Visitor: 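First the structure, which I've put down as C-alpha coordinates, then a few questions once you've had a look.
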Amino acid sequence: MMQKTLRIHPNGPFDLKLTIQSGQTSQPPWKFVNGEFQELLMIQGKPCFIGIHQKPDDLDGPLTLRAESKYEIEDDEIRSKVCEIFDLEHDLMELYSFLESSEKLQPTIGFCRGLRLFKAQDPFECIISSICSANNSIARWNKSILQIKEKWGDEFDFASGEFHSFPSPETLMKVPEHDIEEMELCGCIGEPSDYKENLKSCGVGYRCSYMKEAARMAHEEIDITKLGDMDYDNAFNEVLKFPGVGPKVADCILFYGYGMGQAFPVDVWIGRIISALYFKREEIKPPKARTFGMEEFGEHAGYVQLYLFHYARKSGLLESLKKK
DNA sequence: AACCAGGTAATCG
DNA sequence: CGATTACCTGGT
(Lines give C-alpha, C1' and ligand atoms only; values in the text may rest on other atoms or scores of the structure.)
Protein backbone atom coordinates (compact mmCIF):
# COMPACT_ATOMS: atom_id res chain seq x y z
CA MET A 1 0.00 0.00 0.00
CA MET A 2 1.52 3.26 -1.14
CA GLN A 3 1.07 6.18 1.20
CA LYS A 4 2.80 9.49 0.85
CA THR A 5 2.61 13.13 1.76
CA LEU A 6 3.53 15.83 -0.73
CA ARG A 7 3.64 19.56 -0.88
CA ILE A 8 2.54 21.81 -3.69
CA HIS A 9 3.25 25.50 -4.21
CA PRO A 10 0.61 27.17 -6.38
CA ASN A 11 1.70 29.90 -8.77
CA GLY A 12 0.11 32.81 -6.92
CA PRO A 13 -2.78 32.81 -4.45
CA PHE A 14 -5.10 29.84 -4.14
CA ASP A 15 -8.26 29.44 -2.08
CA LEU A 16 -8.96 25.71 -2.00
CA LYS A 17 -12.28 25.92 -0.18
CA LEU A 18 -13.64 28.74 -2.28
CA THR A 19 -12.59 27.02 -5.49
CA ILE A 20 -14.15 23.68 -4.58
CA GLN A 21 -17.36 25.23 -3.31
CA SER A 22 -17.88 27.78 -6.05
CA GLY A 23 -20.31 25.60 -7.98
CA GLN A 24 -18.35 25.14 -11.19
CA THR A 25 -19.94 22.72 -13.63
CA SER A 26 -17.04 20.29 -13.69
CA GLN A 27 -17.90 18.14 -10.69
CA PRO A 28 -19.63 18.27 -7.29
CA PRO A 29 -17.60 19.57 -4.31
CA TRP A 30 -15.12 17.11 -2.83
CA LYS A 31 -15.84 15.50 0.51
CA PHE A 32 -14.61 17.55 3.45
CA VAL A 33 -13.27 15.52 6.41
CA ASN A 34 -10.85 16.46 9.20
CA GLY A 35 -9.85 19.70 7.58
CA GLU A 36 -9.02 18.18 4.22
CA PHE A 37 -10.82 17.85 0.92
CA GLN A 38 -10.92 14.29 -0.34
CA GLU A 39 -11.54 12.59 -3.66
CA LEU A 40 -10.68 9.52 -5.67
CA LEU A 41 -8.50 10.42 -8.63
CA MET A 42 -7.66 8.18 -11.54
CA ILE A 43 -4.00 8.92 -12.19
CA GLN A 44 -2.82 7.30 -15.42
CA GLY A 45 -5.54 4.73 -14.93
CA LYS A 46 -4.52 4.01 -11.34
CA PRO A 47 -7.07 4.70 -8.59
CA CYS A 48 -5.61 6.97 -5.95
CA PHE A 49 -7.07 8.56 -2.85
CA ILE A 50 -6.15 12.22 -2.48
CA GLY A 51 -6.64 14.42 0.57
CA ILE A 52 -5.71 18.07 0.23
CA HIS A 53 -5.20 20.37 3.14
CA GLN A 54 -4.70 24.09 3.16
CA LYS A 55 -4.06 26.05 6.35
CA PRO A 56 -7.13 28.20 6.96
CA ASP A 57 -6.77 31.64 5.37
CA ASP A 58 -3.26 30.84 4.18
CA LEU A 59 -3.95 31.57 0.54
CA ASP A 60 -0.29 32.00 -0.34
CA GLY A 61 1.15 29.02 1.49
CA PRO A 62 1.83 25.51 0.22
CA LEU A 63 -0.77 22.73 0.10
CA THR A 64 -0.34 19.45 1.88
CA LEU A 65 -1.32 16.41 -0.11
CA ARG A 66 -2.01 12.96 1.26
CA ALA A 67 -2.01 10.21 -1.37
CA GLU A 68 -2.93 6.57 -0.89
CA SER A 69 -3.08 3.79 -3.45
CA LYS A 70 -2.43 0.09 -3.86
CA TYR A 71 -0.43 1.04 -6.91
CA GLU A 72 2.89 2.80 -6.98
CA ILE A 73 2.50 6.30 -8.38
CA GLU A 74 5.29 8.82 -8.95
CA ASP A 75 5.21 12.06 -6.95
CA ASP A 76 5.21 14.10 -10.12
CA GLU A 77 2.27 12.21 -11.58
CA ILE A 78 0.24 13.00 -8.47
CA ARG A 79 1.36 16.62 -8.40
CA SER A 80 0.64 17.20 -12.03
CA LYS A 81 -2.86 15.71 -11.77
CA VAL A 82 -3.73 17.92 -8.81
CA CYS A 83 -2.11 20.96 -10.42
CA GLU A 84 -4.16 20.37 -13.52
CA ILE A 85 -7.48 20.08 -11.68
CA PHE A 86 -6.97 23.30 -9.72
CA ASP A 87 -5.03 25.10 -12.42
CA LEU A 88 -2.22 25.68 -9.94
CA GLU A 89 0.46 26.52 -12.49
CA HIS A 90 -1.62 29.34 -13.88
CA ASP A 91 -0.09 32.65 -12.85
CA LEU A 92 -2.95 34.36 -11.03
CA MET A 93 -0.96 37.54 -10.51
CA GLU A 94 -0.94 37.89 -14.26
CA LEU A 95 -4.73 37.55 -14.27
CA TYR A 96 -4.95 40.13 -11.51
CA SER A 97 -2.96 42.67 -13.42
CA PHE A 98 -5.40 42.19 -16.27
CA LEU A 99 -8.36 42.64 -13.92
CA GLU A 100 -6.68 45.67 -12.30
CA SER A 101 -6.44 47.33 -15.67
CA SER A 102 -10.22 47.44 -15.93
CA GLU A 103 -12.40 49.69 -13.84
CA LYS A 104 -15.30 47.23 -14.09
CA LEU A 105 -13.29 44.13 -13.22
CA GLN A 106 -10.96 45.50 -10.58
CA PRO A 107 -13.55 45.15 -7.75
CA THR A 108 -13.85 41.38 -8.33
CA ILE A 109 -10.35 40.70 -7.01
CA GLY A 110 -11.13 41.60 -3.42
CA PHE A 111 -14.07 39.20 -3.34
CA CYS A 112 -12.46 36.32 -5.21
CA ARG A 113 -8.77 36.28 -4.34
CA GLY A 114 -7.44 32.76 -4.79
CA LEU A 115 -10.42 31.50 -6.75
CA ARG A 116 -9.24 29.20 -9.53
CA LEU A 117 -10.59 26.94 -12.19
CA PHE A 118 -11.96 23.71 -10.73
CA LYS A 119 -11.37 21.45 -13.69
CA ALA A 120 -12.95 18.04 -14.09
CA GLN A 121 -10.59 15.15 -13.56
CA ASP A 122 -11.97 13.61 -16.73
CA PRO A 123 -13.67 15.28 -19.73
CA PHE A 124 -16.50 12.76 -19.88
CA GLU A 125 -17.52 13.49 -16.31
CA CYS A 126 -17.60 17.16 -17.24
CA ILE A 127 -19.73 16.57 -20.33
CA ILE A 128 -22.34 14.68 -18.31
CA SER A 129 -22.22 17.11 -15.38
CA SER A 130 -22.62 20.07 -17.69
CA ILE A 131 -25.59 18.55 -19.51
CA CYS A 132 -27.10 17.77 -16.12
CA SER A 133 -26.59 21.33 -14.92
CA ALA A 134 -28.62 22.96 -17.70
CA ASN A 135 -31.77 24.67 -16.42
CA ASN A 136 -31.08 23.09 -13.06
CA SER A 137 -29.98 24.11 -9.60
CA ILE A 138 -26.48 23.44 -8.36
CA ALA A 139 -27.74 21.40 -5.41
CA ARG A 140 -29.81 19.16 -7.63
CA TRP A 141 -27.25 18.40 -10.35
CA ASN A 142 -24.61 17.81 -7.69
CA LYS A 143 -26.86 15.26 -6.03
CA SER A 144 -27.60 13.57 -9.35
CA ILE A 145 -23.93 13.22 -10.25
CA LEU A 146 -23.09 11.77 -6.82
CA GLN A 147 -25.84 9.18 -7.26
CA ILE A 148 -24.61 8.27 -10.71
CA LYS A 149 -21.13 7.64 -9.29
CA GLU A 150 -22.50 5.55 -6.44
CA LYS A 151 -24.74 3.44 -8.63
CA TRP A 152 -22.56 2.78 -11.66
CA GLY A 153 -19.01 3.83 -10.84
CA ASP A 154 -16.40 1.35 -9.63
CA GLU A 155 -15.95 1.27 -5.88
CA PHE A 156 -12.50 1.68 -4.35
CA ASP A 157 -11.72 1.29 -0.67
CA PHE A 158 -9.04 3.23 1.15
CA ALA A 159 -8.05 3.65 4.77
CA SER A 160 -9.68 7.07 4.54
CA GLY A 161 -12.98 5.72 3.23
CA GLU A 162 -14.66 4.35 0.14
CA PHE A 163 -15.03 6.26 -3.10
CA HIS A 164 -16.64 5.72 -6.48
CA SER A 165 -15.24 6.57 -9.87
CA PHE A 166 -17.35 8.18 -12.56
CA PRO A 167 -18.79 5.51 -14.88
CA SER A 168 -17.39 5.11 -18.39
CA PRO A 169 -19.38 6.17 -21.48
CA GLU A 170 -20.03 2.51 -22.26
CA THR A 171 -21.41 1.83 -18.80
CA LEU A 172 -23.61 4.91 -18.76
CA MET A 173 -25.07 4.34 -22.22
CA LYS A 174 -26.35 0.95 -21.09
CA VAL A 175 -28.03 2.16 -17.91
CA PRO A 176 -31.84 1.76 -17.88
CA GLU A 177 -33.54 5.08 -18.60
CA HIS A 178 -36.40 4.84 -16.12
CA ASP A 179 -38.04 2.45 -13.65
CA ILE A 180 -40.32 0.87 -16.27
CA GLU A 181 -37.39 -0.07 -18.48
CA GLU A 182 -35.43 -1.39 -15.51
CA MET A 183 -38.38 -3.50 -14.32
CA GLU A 184 -38.81 -5.07 -17.75
CA LEU A 185 -35.10 -5.83 -17.79
CA CYS A 186 -35.47 -7.57 -14.43
CA GLY A 187 -38.45 -9.69 -15.43
CA CYS A 188 -41.36 -7.47 -14.41
CA ILE A 189 -41.33 -8.35 -10.72
CA GLY A 190 -42.97 -5.92 -8.30
CA GLU A 191 -43.82 -2.28 -8.83
CA PRO A 192 -41.91 0.22 -11.02
CA SER A 193 -41.29 2.34 -7.93
CA ASP A 194 -39.26 -0.50 -6.41
CA TYR A 195 -36.57 0.10 -9.00
CA LYS A 196 -33.91 2.72 -8.31
CA GLU A 197 -30.99 1.60 -10.47
CA ASN A 198 -32.07 3.74 -13.38
CA LEU A 199 -31.02 7.18 -14.55
CA LYS A 200 -34.37 8.89 -14.02
CA SER A 201 -34.29 7.94 -10.34
CA CYS A 202 -31.20 10.12 -9.94
CA GLY A 203 -33.45 13.13 -10.39
CA VAL A 204 -32.10 14.19 -13.78
CA GLY A 205 -35.56 14.64 -15.29
CA TYR A 206 -35.81 15.17 -19.02
CA ARG A 207 -32.02 15.38 -19.27
CA CYS A 208 -32.03 11.61 -18.95
CA SER A 209 -32.19 10.83 -22.66
CA TYR A 210 -29.64 13.55 -23.42
CA MET A 211 -27.16 12.06 -20.97
CA LYS A 212 -27.59 8.51 -22.24
CA GLU A 213 -27.29 9.53 -25.88
CA ALA A 214 -24.26 11.72 -25.10
CA ALA A 215 -22.67 8.70 -23.41
CA ARG A 216 -23.35 6.58 -26.48
CA MET A 217 -21.84 9.20 -28.77
CA ALA A 218 -18.78 9.56 -26.56
CA HIS A 219 -18.35 5.81 -26.73
CA GLU A 220 -18.83 5.18 -30.42
CA GLU A 221 -18.95 8.41 -32.45
CA ILE A 222 -16.92 11.25 -30.98
CA ASP A 223 -13.35 10.88 -29.77
CA ILE A 224 -13.57 13.15 -26.75
CA THR A 225 -9.83 12.90 -26.09
CA LYS A 226 -9.22 14.63 -29.42
CA LEU A 227 -11.35 17.65 -28.51
CA GLY A 228 -8.59 18.98 -26.29
CA ASP A 229 -6.19 19.20 -29.22
CA MET A 230 -8.60 21.04 -31.49
CA ASP A 231 -8.74 24.80 -31.69
CA TYR A 232 -11.52 26.47 -29.75
CA ASP A 233 -14.00 27.06 -32.59
CA ASN A 234 -13.80 23.52 -33.93
CA ALA A 235 -14.08 22.03 -30.47
CA PHE A 236 -17.10 24.28 -29.78
CA ASN A 237 -18.91 23.07 -32.88
CA GLU A 238 -18.01 19.50 -32.07
CA VAL A 239 -19.45 19.48 -28.54
CA LEU A 240 -22.60 21.17 -29.84
CA LYS A 241 -23.36 17.85 -31.51
CA PHE A 242 -24.16 16.28 -28.15
CA PRO A 243 -27.86 16.42 -27.29
CA GLY A 244 -28.60 18.77 -24.41
CA VAL A 245 -25.55 20.83 -25.30
CA GLY A 246 -26.21 24.40 -26.42
CA PRO A 247 -23.78 27.34 -26.39
CA LYS A 248 -23.71 27.75 -22.62
CA VAL A 249 -23.09 24.10 -21.85
CA ALA A 250 -20.58 23.85 -24.71
CA ASP A 251 -18.53 26.66 -23.20
CA CYS A 252 -18.71 25.03 -19.78
CA ILE A 253 -17.41 21.78 -21.24
CA LEU A 254 -14.53 23.52 -22.99
CA PHE A 255 -13.57 25.56 -19.93
CA TYR A 256 -14.21 23.17 -17.04
CA GLY A 257 -13.50 19.97 -18.95
CA TYR A 258 -10.63 21.00 -21.21
CA GLY A 259 -9.30 24.16 -19.61
CA MET A 260 -9.87 26.38 -22.63
CA GLY A 261 -9.58 29.81 -21.03
CA GLN A 262 -11.10 31.71 -23.94
CA ALA A 263 -14.53 30.13 -23.38
CA PHE A 264 -17.12 32.52 -21.96
CA PRO A 265 -20.15 30.57 -20.70
CA VAL A 266 -23.18 32.85 -20.61
CA ASP A 267 -26.02 31.92 -18.29
CA VAL A 268 -28.83 34.26 -17.26
CA TRP A 269 -26.76 35.78 -14.47
CA ILE A 270 -23.64 36.47 -16.48
CA GLY A 271 -25.95 37.92 -19.13
CA ARG A 272 -27.47 40.30 -16.59
CA ILE A 273 -24.12 41.18 -15.07
CA ILE A 274 -22.61 42.00 -18.48
CA SER A 275 -25.69 44.01 -19.34
CA ALA A 276 -25.51 45.96 -16.08
CA LEU A 277 -21.77 46.60 -16.23
CA TYR A 278 -21.21 47.19 -19.92
CA PHE A 279 -24.53 47.98 -21.61
CA LYS A 280 -26.29 50.41 -19.26
CA ARG A 281 -28.63 47.62 -18.18
CA GLU A 282 -30.22 47.33 -21.61
CA GLU A 283 -31.20 43.76 -22.34
CA ILE A 284 -28.43 41.75 -23.97
CA LYS A 285 -29.09 38.42 -25.64
CA PRO A 286 -26.79 35.52 -24.74
CA PRO A 287 -25.01 35.29 -28.13
CA LYS A 288 -24.17 38.98 -27.94
CA ALA A 289 -22.93 38.71 -24.35
CA ARG A 290 -20.79 35.74 -25.37
CA THR A 291 -19.20 37.50 -28.32
CA PHE A 292 -18.62 40.57 -26.21
CA GLY A 293 -16.96 38.57 -23.44
CA MET A 294 -14.71 36.67 -25.79
CA GLU A 295 -13.55 39.80 -27.57
CA GLU A 296 -13.21 41.93 -24.47
CA PHE A 297 -11.51 39.38 -22.20
CA GLY A 298 -9.70 37.12 -24.66
CA GLU A 299 -7.70 34.35 -23.02
CA HIS A 300 -9.06 35.46 -19.61
CA ALA A 301 -12.72 35.10 -20.58
CA GLY A 302 -13.37 31.95 -18.55
CA TYR A 303 -11.79 33.39 -15.42
CA VAL A 304 -13.58 36.70 -15.86
CA GLN A 305 -16.87 34.81 -15.99
CA LEU A 306 -15.91 32.97 -12.80
CA TYR A 307 -14.84 36.15 -11.02
CA LEU A 308 -17.79 38.24 -12.17
CA PHE A 309 -20.30 35.69 -11.01
CA HIS A 310 -18.83 35.27 -7.55
CA TYR A 311 -18.23 38.95 -7.20
CA ALA A 312 -21.84 39.65 -8.12
CA ARG A 313 -23.03 37.00 -5.71
CA LYS A 314 -21.04 38.30 -2.77
CA SER A 315 -21.25 42.01 -3.38
CA GLY A 316 -25.02 42.07 -3.60
CA LEU A 317 -25.04 42.98 -7.28
CA LEU A 318 -26.80 39.71 -8.03
CA GLU A 319 -29.58 40.52 -5.57
CA SER A 320 -30.05 43.93 -7.10
CA LEU A 321 -30.34 42.38 -10.56
CA LYS A 322 -33.05 39.97 -9.46
CA LYS A 323 -35.69 42.62 -9.05
CA LYS A 324 -35.78 43.67 -12.69
C1' DA B 1 -50.43 26.86 -5.15
C1' DA B 2 -48.05 29.10 -8.70
C1' DC B 3 -43.40 30.07 -9.76
C1' DC B 4 -38.53 29.67 -10.30
C1' DA B 5 -33.86 27.49 -11.01
C1' DG B 6 -26.55 28.87 -13.70
C1' DG B 7 -30.85 26.24 -21.15
C1' DT B 8 -32.05 23.46 -24.88
C1' DA B 9 -34.88 21.61 -28.55
C1' DA B 10 -38.99 21.91 -30.94
C1' DT B 11 -42.28 24.75 -33.06
C1' DC B 12 -44.13 28.82 -35.35
C1' DG B 13 -44.54 33.17 -38.03
C1' DC C 1 -33.80 33.08 -39.28
C1' DG C 2 -35.71 35.47 -34.50
C1' DA C 3 -39.12 34.76 -31.12
C1' DT C 4 -42.00 31.60 -28.06
C1' DT C 5 -42.89 27.58 -25.40
C1' DA C 6 -42.68 23.01 -23.05
C1' DC C 7 -39.83 20.56 -20.08
C1' DC C 8 -38.25 17.00 -14.97
C1' DT C 9 -37.91 18.09 -10.27
C1' DG C 10 -37.33 19.94 -5.75
C1' DG C 11 -37.71 24.04 -3.28
C1' DT C 12 -40.43 28.28 -1.41
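All values derive from a computational prediction rather than experimental measurement. Letters A, B, ... mirror the listed sequences (proteins, then strands); counts begin at 1.
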Visitor: Counting any heavy atom closer than 4.0 Å, what does A/Ile138 reach on the DNA or RNA strands: base, sugar-phosphate only, or nothing?
Guide: base
Visitor: Counting only Watson-Crick pairs (N1-N3 plus N6-O4 or O6-N4) and G-U wobbles (N1-O2, O6-N3), all under 3.5 Å, who is the partner of C/dA6?
Guide: B/dT8
Visitor: Could you give the distance separating C/dA3 and B/dA5 at their C1' atoms, to the nearest angstrom?
Guide: 22 Å
Visitor: Describe the nucleic acid contact of A/Val266 in one word from base, sugar-phosphate, nothing, applying a heavy-atom distance below 4.0 Å.
Guide: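 Contact class for A/Val266: none.
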Visitor: I want to check something: taking the side chain as every heavy atom from C-beta on, are A/Phe264 and A/Thr291 in contact at a cut-off of under 4.5 Å?
Guide: no
Visitor: Please report the distance, rounded to the nearest Å, between CZ in A/Arg313 and C1' in B/dA5.
Guide: 13 Å
Visitor: What's the closest nucleotide to the side chain of A/Gln305 if the choices are B/dG6, C/dC8, B/dT8?
Guide: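 Closest nucleotide among those given: B/dG6.
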Visitor: Can a salt bridge be assigned to the pair A/Glu162 and A/Lys149 using a cut-off of 4.0 Å between side-chain N and carboxylate O?
Guide: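 Between A/Lys149 and A/Glu162 there is no salt bridge, as every charged N stays at least 4.0 Å from the carboxylate O atoms.
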Visitor: Measuring from A/Lys17:NZ to A/Ser22:OG, what's the distance to the nearest 0.5 Å?
Guide: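 One gets 11.5 Å once the value is rounded to the nearest 0.5 Å.
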Visitor: Between B/dG6 and C/dG2, how far is it from one P atom to the other, in whole Å?
Guide: 27 Å
Visitor: Figure out the CZ/C1' separation between A/Arg140 and B/dG7, and round it to whole Å.
Guide: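 Whole-Å distance recorded here is 13 Å.
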Visitor: For B/dG7, does the base pair up with any side-chain atom of A/Tyr206 as donor and acceptor (N or O, under 3.5 Å, distance only)?
Guide: yes
Visitor: Could you give the distance separating C/dG11 and B/dT8 at their P atoms, to the nearest angstrom?
Guide: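 The same atom, P, in both gives a distance of 24 Å.
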Visitor: Roughly how many Å is it from CG in A/Asn135 to C1' in C/dT9, rounded to a whole number?
Guide: 10 Å
Visitor: If you assign each of A/His310 and A/Tyr210 to its closest nucleotide in DNA chain B, which residue comes earlier from the 5' end?
Guide: A/His310
Visitor: Check every atom of B/dG6, C/dT9, B/dG7 against the side chain of A/Tyr256 and return the nucleotide holding the closest atom.
Guide: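 Given the options B/dG6, C/dT9, B/dG7, the side chain of A/Tyr256 is closest to B/dG6.
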Visitor: P atom, C/dA6 versus B/dC4: distance in rounded Å?
Guide: 14 Å
Visitor: Whole-Å distance between B/dG6 C1' and A/Phe118 CZ?
Guide: 17 Å
Visitor: Just checking A/Lys81: does its NZ atom have more than 12 heavy atoms from other residues, nucleotides or ligands closer to it than 6.0 angstrom?
Guide: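 Atom NZ in A/Lys81 is crowded, with more than 12 foreign heavy atoms closer than 6.0 Å.
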Visitor: To the nearest angstrom, how far is A/Lys285 atom NZ from C/dC1 atom C1'?
Guide: 14 Å
Visitor: Nearest whole angstrom, please: distance from the C1' of C/dC7 to the CZ of A/Arg207.
Guide: 8 Å
Visitor: Grab the CZ-P distance between A/Phe264 and B/dG7 for me, whole Å please.
Guide: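 Rounded to whole Å, this separation is 15 Å.
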Visitor: Could you work out the separation of B/dA1 and C/dG10 based on their C1' atoms and round it to a whole Å?
Guide: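 The answer is 15 Å between these two C1' atoms.
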Visitor: Look at atom CD of A/Glu197 and say whether more than 12 heavy atoms of other residues, nucleotides or ligands are closer to it than 6.0 Å.
Guide: yes
Visitor: Both A/Pro243 and A/Pro265 contact DNA chain B. Taking the nearest nucleotide for each, which residue is further toward the 5' end?
Guide: A/Pro265
Visitor: I need the single residue from A/Phe86, A/Trp30, A/Phe32 that forms a ring-ring contact (aromatic ring centres under 6.0 Å, His included) with A/Phe37. Which is it?
Guide: A/Phe32
Visitor: Scan A/Ser201 against the nucleic acid and name what it touches under 4.0 Å (heavy atoms): base, sugar-phosphate only, or nothing.
Guide: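 The residue A/Ser201 makes no contact with any strand.
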Visitor: Base, sugar-phosphate, or nothing: which does A/Gly205 touch, judged by heavy atoms less than 4.0 Å apart?
Guide: base
Visitor: Starting at NZ of A/Lys200 and ending at P of C/dC7, how long is that distance when rounded to a whole Å?
Guide: 12 Å
